[in-house]
Amino acid sequence: MKAKNFHYSKVLKPLPLFILFAFMCLILDWLYPSFLSRYSFLIILACGVLFGFLPKQLTLSRKKETPVETTPGEAAPQIFKFKTFFNFQDLIQSAIQETTSLIENLPPSSISIFAYLSSKNQRYPVSLASLVEQIKELSLPVFIHPVLSLPQKKLRFNKLEVFLSVSAKKQTVLIEKLDIKTSPEYRSYIDLAILLSLFRKISEAPQKLQSSPYFCKIPENLSEYPLVLQTFKDIINHPDFPKYLFIFMVSPTILSQNTVLLENLHKDGFQIGMHSDTLPALSLPPFLQVFYIDLPDLRSSLKGLARRQFGQTVQRLTEQPYKVILGDVEDEQILQDILPAQFDFACGPALGAVQIWQNSVKVSL
């Protein structure tokens with residue numbers, strides 16, 4: 001068995017207090033010899049020893065009795081503690097490094113990632129190290145979908161989708177469709193790291209890719225943990241954050257739980273939109289710029305009475321201050337059928353080629 005190392009600092013730290021106490025006793029004994037006898041002076045010295053050492057030992061014993069367990073939230077990257085003077089690129093790079101380092105240090109058994117590969121409809125395990133490496137290297141493939149105005153079909157916005165490369169299968173998997181089994185708090189750090197990687201990648205894009213703003217989805221887990229949300233706010237509130245490049249798209253859940261925060265971001269110059277797969281209530285906040293809707297079964301909404309109700313609902317939506325965007329338009333016939341509903345914009349395979357941007361190289365499909 002190894003002997004425990006004796007920490008001399010535990011003895012040395014109370015010495016200054018003890019020396020001061022003993023020095024005061026010596027001065028009193030020199031000024032007033034009859035005031036302190038030999039025995040009483042020894043008693044005072046003994047009291048000084050107790051006075052100097054016991055509080056320290058009591059404190060140490062309390063620490064031993066009540067061990068403190070750290071949580072992922074307590075280990076959150078405090079990127080702004082001493083780095084407020086960083087420029088934006090240095091700051092976001094530091095945030096990515098600290099966040100991914102935190103993810104890498106999580107217990108291996110606490111996270112498992114699976115991808116559903118569409119070609120064979122099989123569940124394939126993905127290593128966390130592969131995901132972290134692609135985040136660090138900014139090599140997550142980004143699909144850019146054009147959002148066109150109707151009926152002119154002019155480019156107004158871009159929709160972003162972030163994928164993960166599964167090199168062993170030579171396929172890509174949409175990040176949102178990954179089956180990540182972990183606690184919601186751990187998932188929030190993964191979502192934060194992916195979002196920071198996307199921010200940096202888009203901010204460093206060539207000038208020709210910055211002509212139109214991008215729809216950027218904000219993950220729901222991000223707003224549920226104060227430290228993670230604070231890191232997100234610290235990044236976007238940096239003076240050099242390119243606000244003009246992003247329209248933050250939130251789900252109905254995020255909108256209902258963070259209305260005040262989103263309204264304040266809007267007042268600070270950020271663009272806010274909402275995405276949903278159902279038609280919303282007609283009373284949406286006025287700070288929304290766009291409403292993006294993906295209907296799972298659009299054709300069923302274009303038949304008989306359902307089509308009439310669908311058209312009337314969309315007509316009332318388009319009378320609101322925000323713009324209504326129809327997503328996943330698969331063919332021109334659907335687009336022509338829903339034009340009487342007066343959508344402002346549309347997005348989908350029928351409206352232009354998707355561009356893949358990976359490792360700063362853009363490829364058109």
Side-chain angles (χ1 to χ4, degrees), residues 70-84 86 88-106 110-111 131-132 135-136 140 160 162 175-176 178 180 182-203 213-243 245-276 284-285 287-290 292:
T70 59
T71 64
E74 293 174 352
Q78 302 296 323
I79 61 174
F80 260 74
K81 191 172 184 180
F82 299 106
K83 302 174 183 176
T84 54
F86 274 23
F88 176 70
Q89 296 299 339
D90 291 341
L91 176 64
I92 199 167
Q93 175 62 19
S94 175
I96 291 172
Q97 290 177 349
E98 294 185 22
T99 307
T100 51
S101 175
L102 184 146
I103 295 171
E104 289 175 317
N105 291 327
L106 292 176
S110 64
I111 298 177
L131 174 59
V132 170
I135 291 173
K136 287 181 178 180
L140 290 170
L160 295 177
V162 183
I175 288 288
E176 295 178 4
L178 285 177
I180 303 179
T182 185
S183 68
E185 191 168 5
Y186 290 174
R187 178 62 189 266
S188 69
Y189 289 106
I190 296 175
D191 289 338
L192 175 64
I194 294 170
L195 191 60
L196 294 178
S197 177
L198 181 63
F199 283 166
R200 183 176 180 192
K201 190 167 187 175
I202 296 299
S203 66
Y214 295 88
F215 293 157
C216 180
K217 284 187 179 181
I218 304 300
E220 289 192 3
N221 286 325
L222 202 68
S223 63
E224 296 181 3
Y225 297 96
L227 289 173
V228 179
L229 181 60
Q230 185 59 48
T231 302
F232 168 74
K233 291 192 292 186
D234 288 342
I235 291 292
I236 66 174
N237 284 324
H238 190 279
D240 295 333
F241 182 82
K243 298 179 183 180
L245 275 180
F246 297 99
I247 299 178
F248 293 150
M249 303 296 289
V250 299
S251 66
T253 302
I254 293 181
L255 181 63
S256 62
Q257 296 177 352
N258 300 273
T259 303
V260 175
L261 170 63
L262 295 173
E263 186 174 8
N264 290 334
L265 290 178
H266 172 68
K267 291 178 181 178
D268 291 337
F270 292 93
Q271 303 178 80
I272 310 295
M274 188 174 83
H275 64 88
S276 178
L284 291 177
F287 58 78
L288 289 179
Q289 272 100 348
V290 296
Y292 187 100

- Might you work through the side chain to side chain contact (heavy atoms under 4.5 Å, CB included) test for Leu192 and Ser188, ending with a clear yes or no? CA-CA 6 Å; Leu192 175 64; Ser188 69; over 6 Å; no
- Check each of Asn264, Leu265, Thr259 against Phe287 using the side chain to side chain contact (heavy atoms under 4.5 Å, CB included) test, and report the only one that passes. Thr259
- Nearest heavy-atom pair of Phe88 and His238: which atoms, and what distance? N-CE1, 3.4 Å
- Task: Any chance you could measure Tyr292, atom OH, to Ser276, atom OG, to the nearest 0.5 Å?
- Result: 12.0 Å
- Side-chain contact test, heavy atoms from C-beta onward, threshold under 4.5 Å: evaluate it for Leu229 versus Lys233 and give yes or no. yes
- Please confirm whether the backbone N or O of Gly273 pairs with a side-chain atom of Gln289, one donor and one acceptor, at under 3.5 Å? no
- Might you point out which heavy atoms bring Lys136 and Ile96 nearest each other, and give the distance in Å? CA-CG2, 4.5 Å
- Derivation and outcome, side chain to side chain contact (heavy atoms under 4.5 Å, CB included), residues Ser203 and Gln89: CA-CA 9 Å; Ser203 66; Gln89 296 299 339; 3.4 Å; yes
- Task: Kindly say whether Leu227 contributes a backbone atom to a donor-acceptor pair with the side chain of Thr231 at under 3.5 angstrom?
- Result: yes
- Does a side-chain heavy-atom distance below 4.5 Å link Cys216 with Leu198? yes
- Message: Can you give me the closest heavy-atom contact between Ile202 and Leu245, atom names plus distance?
- Response: O-CD1, 3.8 Å
- Message: Would you compute the distance between atom CD1 of Ile235 and atom CG of Leu91 and round it to the nearest 0.5 angstrom?
- Response: 4.0 Å
- Query: Hey, are the side chains of Lys217 and Glu176 touching, using non-hydrogen atoms and a 4.5 Å cut-off?
  - Reply: yes
- Output for pair (Gln230 CD, Asn237 CG), nearest 0.5 Å, gives 8.5 Å
- Message: If you apply the rule side chain to side chain contact (heavy atoms under 4.5 Å, CB included), what do you find for Val290 with His275, and how did you get there?
- Response: CA-CA 9 Å; Val290 296; His275 64 88; over 6 Å; no
- Between Ile194 and Leu140, which heavy-atom pair has the shortest distance, and what is it? CG2-CD1, 4.2 Å
- Message: side chain to side chain contact (heavy atoms under 4.5 Å, CB included), that's the test. Do Leu178 and Ile175 meet it? Break it down for me.
- Response: CA-CA 5 Å; Leu178 285 177; Ile175 288 288; 4.0 Å; yes
- Query: What residues, two or more places apart in sequence or in another chain, satisfy ring-ring contact (aromatic ring centres under 6.0 Å, His included) together with Phe215?
  - Reply: Phe157
- Which heavy atom in Ile103 sits nearest to a heavy atom in Ala193, and how many Å separate them? CD1-CB, 4.0 Å
- Task: Can you see which heavy atom on Pro219 is nearest to which on Ile254, and at what distance?
- Result: O-CD1, 3.6 Å
- Parallel, tilted or perpendicular: rings of Phe241 and Phe246 (30°, 60°): parallel
- CD1-CD distance between Ile218 and Glu220, expressed to the nearest 0.5 angstrom: 11.5 Å
- Message: Restricting to ring-ring contact (aromatic ring centres under 6.0 Å, His included), what partner residues turn up for Phe270, sequence neighbours left out?
- Response: Phe248
- Item | Side-chain donor-acceptor contact under 3.5 Å, Thr100 with Glu104 | no
- Query: Are Val228 and Tyr189 side-chain neighbours, meaning at least one heavy-atom pair lies under 4.5 Å?
  - Reply: yes
- Message: Using a 3.5 Å distance criterion without hydrogens, assess whether the side chain of Lys243 forms a donor-acceptor pair with backbone atoms of Ile236.
- Response: no
- OG of Ser223 to CD of Gln257, rounded to nearest 0.5 Å, is 6.0 Å
- Task: Mind checking the CG-CG spacing from Leu195 to Leu222? Nearest 0.5 Å is all I need.
- Result: 6.5 Å
- Contacts of Thr182 that satisfy side-chain hydrogen bond (donor to acceptor under 3.5 Å, both in side chains) - sequence neighbours left out: none
